[in-house]
Amino acid sequence: MSVRVRFAPSPTGLLHVGALRTVLFDYLYARKMGGVNILRIEDTDRARYNPDSEAEFVETLRWVGIDFDEGPHIGGPHAPYRQSERKEAGIYAREIQKLLDNGTAYKAFDTSAELDEMRELQQINKIATGYFGGKWRDASASEVAEAEAEGKPFVIRLKIPKDRTIVLQDLIRGRVEWDSNVIDDPVLIKADGMPTYHFAAMVDDHLMEITHILRGEEWIPSAPKHIALFEAFGWTPPIFVHCPVIVGNDGKKLSKRHGATRVLDYAAQGFMPQSLKNFIALIGWSPGEDREVLSEVELIKLFDLDRLQPSPGRFDMEKLQWLSGHAIRALDIDDLIQKIVDFVAFDYARTYHHSEVAEDEGGAEEQAKRIARWASLELLANHPDRDYVRKCVVLEQERVTTLADFGEACEFFLVDQPKMDAKAVEKWLGQAHVPALFEVIGAFCEGGGNNTPEAYEKLLRDFQATSGLEKLGPIVHPTRVALTGKTFGPGLFELMAVLGPARISSRLSEATKVH
RNA sequence: GGCCCGGUCGUCUAGUGGUUAGGAUGCUGCCCUUUCAAGGCGGAGGUCGCGGGUUCAAGUCCCGUCCGGGCUACCA
């Protein structure tokens, strides 16, 4: 039987990192097995419904490079793929009737006030809370008919069998058992007629012929309900795969405090999607060899559910950064430039770089940095001299970890006069030999000297020889500061050849004035 | 409270009875070098949560215990 997996998010908000990992595993497994990857929207909770959510999922997953074979945005043989639409189509009404008919589900007319009272009593008596039958599980047909005739609202609950052991055979965790008497009767259909997750998800998984249910481990406690539901229908349940969660550095659930949880924020920060995938896949899974940097193809080829690990993993930003830098360095230069151009055209990245930054993430200072970074990125992407852009990017390629980093890295290439680091100016530009040095370089540039790294190197080394200075540093550093405003960056001779004589002369004369 | 899941260097992990407990990241030293990176070569960092047991032999199997996390809704 062909593998069919599904990502079934509830459209209540953004796509976060934890959910991404589950879809990634769905996707990798489907692709590896030549199976089908399905997107299904679980919008049965009207109160929490967010109309922008579905578009967020689709856009984000497109960026990451995770695609679907069936879903609300592309259709498929099991359409519709939104549960609200499936409800309208009468699917859940039809299925629940089967359970009502075979006696495995029942109508319960308790009011929410009654249920609250019941729970309170259970808590006081320190016994398990939940609905273990109440007065309706075994109510007589006439009692039910009477309540219905009065028009009382009701829910439909599943009859969890008594005095049994319910067994979950989880692919990652093995056998997990429950005494069925500790499992309460879950609501299947709410008073408003909408199905609950428990009902809709399992019915759809069966109808859509899902072979493996990959979901977060927070679902383990409700697994026995789902298994009992499959039994009530007489259906064979799919294979359950409860994936470990991703937590923050403090071991707690990933939240805003740990950095971005919204996947699209990583796109906006200029991370390479492949490295995010690579990184996320490595939390809870490994190929079993000592290999960590994996291409898309390798990821698919090597991935296997058998190698999933049960323990939760922490989200380590530094490793993501290493992976992203690695991916950028591996890129062909023209490809890289195209990616930078695309990045600058990416609306959300622009928005991200211009939105307010919370105090604990750097506040106004960080925000100013982002705005400057973006401005420089735009200069780079829109620069008329593409050959110049190419040369700048080549020199910075091995010094960045994200696409956005090119903003800061290339800034001095792009502006008329770079911002000068005051400390660097003070340290290097005041030295006695500097005026003579700049004069020599200026003369070389205006006199039509060769604009090559080799020629500049010879020029500066010759100056060193005649000046009597022992090291090249006192010559290189002031020049670098005058030309870039910084004490670090690409090789001086290479960057001089990129800047060219005109920029060099004007910057040197500016630098002379500054000091 | 009840039920459930988890526990190997700071972090991500390899490991399925016999290994000096391996790799990666991060940290750090050296090399390269005009700086910063990148790259190359080293180093520190783990009494495998703890305590019993089984065994000639336990990170690996069993029991107990501690700690962390989840669920305990007409939310998913």
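Values below: all heavy atoms of this structure, side chains included; hydrogens, waters and symmetry mates excluded. Proteins get letters first, then strands, A, B, ... in listed order; numbering begins at 1 in each.
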Could you tell me whether the side chains of A:Asp110 and A:Tyr131 share a donor-acceptor contact shorter than 3.5 Å? yes

Taking the same atom, P, in B:U8 and in B:G51, what whole-Å distance lies between them? 16 Å

Ring geometry between A:Phe7 and A:Phe57 (parallel below 30°, tilted from 30 to 60°, perpendicular above 60°): perpendicular

Taking the same atom, P, in B:G2 and in B:U65, what whole-Å distance lies between them? 13 Å

So what does A:Leu492 hit on the nucleic acid, given a heavy-atom distance under 4.0 Å: a base, only sugar-phosphate, or nothing? base

Residues pairing under ring-ring contact (aromatic ring centres under 6.0 Å, His included) where one sits in residues 470-499 of chain A, two or more places apart or in two chains, turn out to be A:Trp428-A:His477

By side chain to side chain contact (heavy atoms under 4.5 Å, CB included), which residues pair with A:Asp421, not counting sequence neighbours? A:Lys423, A:Ala424

Min and max contacting nt of RNA chain B in 5' to 3' order, chain A heavy atoms within under 4.0 angstrom, are B:G1 to B:A76

Tabulate below the donor-acceptor pairs under 3.5 Å that side-chain atoms of residues 187-201 of chain A make, not counting sequence neighbours, or state none.
{"residue": "A:Lys190", "atom": "NZ", "partner": "A:Thr44", "partner atom": "O", "Å": "3.2"}
{"residue": "A:Asp192", "atom": "OD1", "partner": "A:Met194", "partner atom": "N", "Å": "2.8"}
{"residue": "A:Asp192", "atom": "OD2", "partner": "A:Arg46", "partner atom": "NH2", "Å": "3.3"}
{"residue": "A:Thr196", "atom": "OG1", "partner": "A:Val187", "partner atom": "O", "Å": "2.8"}
{"residue": "A:Thr196", "atom": "OG1", "partner": "A:Leu188", "partner atom": "O", "Å": "3.4"}
{"residue": "A:Tyr197", "atom": "OH", "partner": "A:Arg215", "partner atom": "NH2", "Å": "3.4"}
{"residue": "A:His198", "atom": "ND1", "partner": "A:His226", "partner atom": "NE2", "Å": "2.8"}

Residues at least two apart in sequence or cross-chain that pass salt bridge (Lys or Arg N to Asp or Glu O under 4.0 Å) with A:Lys301, listed by chain then number, are none

Nearest-Å distance once atom P is located in both B:G49 and B:G42: 30 Å

Distance between the P atoms of B:C48 and B:G59, in whole angstroms? 7 Å

Take atom P in B:U47 and the same atom in B:G10, then report the distance between them in whole Å. 8 Å

Looking at residues at least two apart in the chain, or sitting in another chain, which of them share a ring-ring contact (aromatic ring centres under 6.0 Å, His included) with A:His212? A:Tyr29

Heavy atoms only, 4.0 Å cut-off, all strands: where does A:Arg48 land among base, sugar-phosphate and nothing? base

What's the gap between B:A37 and B:U28 when it is taken at their P atoms, as a whole Å value? 10 Å

Sorted by number, residues from residues 301-313 of chain A placing a heavy atom under 4.0 Å from RNA chain B are A:Arg307, A:Gln309, A:Pro310, A:Ser311, A:Pro312, A:Gly313

Using atom P in both nucleotides, what's the gap between B:A44 and B:G23 to the nearest angstrom? 12 Å

Identify, with sequence neighbours excluded, every residue that meets ring-ring contact (aromatic ring centres under 6.0 Å, His included) alongside A:Phe279. A:Phe315

Taking only the P atom of each, what is the distance from B:C36 to B:G69 in whole angstrom? 43 Å

Counterpart residues, side chain to side chain contact (heavy atoms under 4.5 Å, CB included), relative to A:Lys458 (two or more places apart): A:Asp462

Assign A:Arg461 to base, sugar-phosphate, or nothing according to its heavy-atom contacts below 4.0 angstrom with the strands shown. sugar-phosphate

Students often get this wrong, so: under 4.0 angstrom with heavy atoms, is A:Val155 touching a base, only sugar-phosphate, or nothing? base

